[in-house]
Amino acid sequence: MSDPISQELFARASKVIPGGVNSPVRAFRAVGGEPIFVKEAHGPVLVGADGTEYIDYVGSWGPMILGHAQPDVVSAIQRAAEKGSSYGAPTESEIVMAERIRDAVPSMEMSRLVSSGTEATMGAIRVARGFTGRDLIVKCIGGYHGGADYLLVKGGSGLATLGEPDSAGVPAAIAGTTLVVPYNDAYALEKIFTERGKEIAAVIFEPVAGNMGCIPPDPVWLAALRTQTQNHGALLICDEVMTGFRVAWGGAQSLYDIRPDMTCLGKIIGGGLPVGAYGGKREIMQKVAPVGPVYQAGTLSGNPLAVAAGLETIEQLLRPGVYEDLERKGDQVQALLEQHAGAAGVPITVQRVGSMLTAFFRGKPVRNWDEASDTDREAFARWHAALLEHGVYWPCSPFEAAFISLSHDADAFEKTGRAFKAAFAAV
Ligand SMILES: *Cc1c(COP(=O)(O)O)cnc(C)c1O
C-alpha cells in the first residue's frame with residue numbers, strides 16, 4: 001500500500017498524465033499497487049511524499065551508481081548551470097566526454113552524444129542501416145532497447161508487465177523489419193542468419209540482459225554473435241545503456257571480451273541527467289552527418305549540465321577499488337536474499353553481475369525470456385508489498401534488475417536484511 005499522500009497525488013496525476021506516470025514501469029502495475037511519489041533522495045535513501053524513508057534499489061533504473069544527490073555531482077551541475085544551460089554550439093566538455101568514453105570503451109573510437117538511451121539505439125541502428133545498405137535488424141525476445149517503433153517488438157519488462165508483447169501504434173511494415181531470437185541461443189541465431197543473412201543490417205543485444213531480469217550471457221552465444229554478424233556482413237551493436245560503467249569501467253564488453261562494431265551508452269554517463277551516446281569504429285561513425293549521409297541531430301545533444309553531471313560521475317568511478325566495492329556490496333545483497341529466502345523456504349534464484357541483480361521467484365536458473373516469465377508473479381507481488389512496508393524500495397516488476405550504489409552502507413544493508421526477513425516470511 002502506498003501512503004495517503006501518494007494516493008492523493010496519484011489520483012490527481014491520473015487525471016492529467018496517462019496512468020499518472022511519465023514512464024509505464026513506474027506505475028506498480030506488475031505488483032498490483034500504486035506508486036510511491038518521491039519528495040527527495042540522498043545517498044541510498046529515497047524519501048516518499050509523506051516523509052517515509054526507503055532504502056532504494058531502483059537507482060532511477062540504473063543511472064545513480066554513486067547514490068542520490070552525490071555532493072560532487074551536485075556542485076558540478078551547479079557550476080555548469082551558472083555558465084548557461086544550453087548553447088546550441090559545441091563545447092570542450094563534449095570532447096572530454098568523447099575521449100573519456102573512448103578510453104573506457106576502446107571500441108567506441110568515435111561517438112555521438114544524444115539525450116536518452118532510446119535516441120542512442122535509434123541513432124546506432126540508422127547508422128548500421130546506412131552503412132550496410134540493409135533494412136533488417138535482429139533483437140532478442142525480452143530485450144529492451146528503448147521506445148523506438150521497430151524496437152518495441154517482444155520488448156521485455158515494461159511491455160510484458162502490461163501483458164502486451166508488442167506496442168499498438170507500430171505499423172506492421174515497421175515491426176516487420178525486426179527479427180527476434182531467444183537470448184543466449186546460438187542455434188537460433190545461426191538459423192536466422194542462414195535464412196536471411198544478406199538482408200540483416202545489425203544485431204542489437206544487451207551484453208548482460210537487464211530488462212527481463214538480470215541474465216548473464218553464455219560465452220558460446222557471444223562468440224556466435226560475433227562470427228555470424230562478421231560472416232554475413234552485418235554489424236554487432238552492443239547495447240550497454242544499462243551495463244556501461246555499471247558492471248565494469250569498460251562495460252560488459254570489457255568483462256566478457258566482446259568486440260562489437262557499435263556500442264550504445266546512457267544512464268550512468270548522464271549522472272542522473274538525460275544523456276545517451278552511440279559510437280563505434282571510425283569508418284562506421286564517419287557515415288554520420290555532417291561528414292556522412294546518415295542524418296541525426298538534437299537541440300539539447302551534449303547539453304552542458306548533463307555532460308557535467310556525467311563527467312563528474314565517471315571521474316568518481318575512476319577511483320581505485322570502486323568496482324571491487326560494488327562487487328562486495330552486490331555479494332552482500334545476494335547473500336541476504338539467499339539467506340532469508342532459504343530460512344522462509346521460498347524458492348528463488350538470484351542472478352547477479354556486480355551491482356545489478358534479480359531475485360527470480362523460481363527454483364531454477366533463468367537464461368532467456370521464456371524462463372524469466374516462468375516465475376511466481378503473485379509471490380513476487382506479496383514480497384514487494386512487504387518490502388515497501390519495511391522500508392525497502394525494490395523494482396516493482398519481477399522482470400527488472402535491482403541496482404546497488406556506492407552509497408549503500410552497513411546501515412542500509414542492516415535495514416535491508418530486516419526487511420528481507422519480514423518480506424520472505426510474508427510470501
Ligand atoms: C534503459 C535502456 C534503454 C533506453 O534508455 P532511455 O534513456 O530510457 O531511453 C535502452 N537500452 C537498454 C539496455 C536500457 O536498459
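These figures come from a predicted structure and were not determined experimentally. Computed from heavy atoms alone, side chains included, the values below leave out hydrogens, waters and symmetry copies. Both counts, for ligands and for their atoms, begin at 1 and track the order of listing.
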Run the side chain to side chain donor-acceptor pair (under 3.5 Å) test against Arg12 and tell me which residues pass, sequence neighbours left out.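 With neighbours one apart ignored, the set is empty.
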Got a sec, which pairs hit salt bridge (charged side-chain N to carboxylate O under 4.0 Å, His left out) with one end in residues 281-292, sequence neighbours left out?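 As it turns out, the salt bridge (charged side-chain N to carboxylate O under 4.0 Å, His left out) pairs with a partner in residues 281-292, which skip direct neighbours, are Asp261-Lys281.
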Salt bridge (Lys or Arg N to Asp or Glu O under 4.0 Å) partners of Arg196, counting only residues at least two apart: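 Residues passing salt bridge (Lys or Arg N to Asp or Glu O under 4.0 Å) with Arg196: Glu199.
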Is the shortest distance from a Lys or Arg side-chain nitrogen in Asp218 or Arg367 to a carboxylate oxygen in the other one below 4.0 Å?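 No salt bridge links Asp218 with Arg367.
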Got a salt bridge between Glu327 and Arg352, using NZ or NE/NH1/NH2 to carboxylate O under 4.0 Å?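 Yes, this pair counts.
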Table of N or O contacts for ligand 1, cutoff 3.5 Å:
residue: ligand 1; atom: 7 (O); partner: Gly117; partner atom: N; Å: 2.9
residue: ligand 1; atom: 9 (O); partner: Gly117; partner atom: N; Å: 3.4
residue: ligand 1; atom: 9 (O); partner: Thr118; partner atom: N; Å: 2.7
residue: ligand 1; atom: 9 (O); partner: Thr118; partner atom: OG1; Å: 2.6
residue: ligand 1; atom: 11 (N); partner: Tyr144; partner atom: O; Å: 3.4
residue: ligand 1; atom: 11 (N); partner: Asp239; partner atom: OD1; Å: 3.4
residue: ligand 1; atom: 11 (N); partner: Asp239; partner atom: OD2; Å: 2.7
residue: ligand 1; atom: 15 (O); partner: Asn211; partner atom: ND2; Å: 3.2
residue: ligand 1; atom: 15 (O); partner: Lys267; partner atom: NZ; Å: 2.7

Between Trp221 and Tyr256, does the ring centroid distance fall short of 6.0 Å?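 Aromatic pair excluded; centres sit 6.0 Å or further apart.
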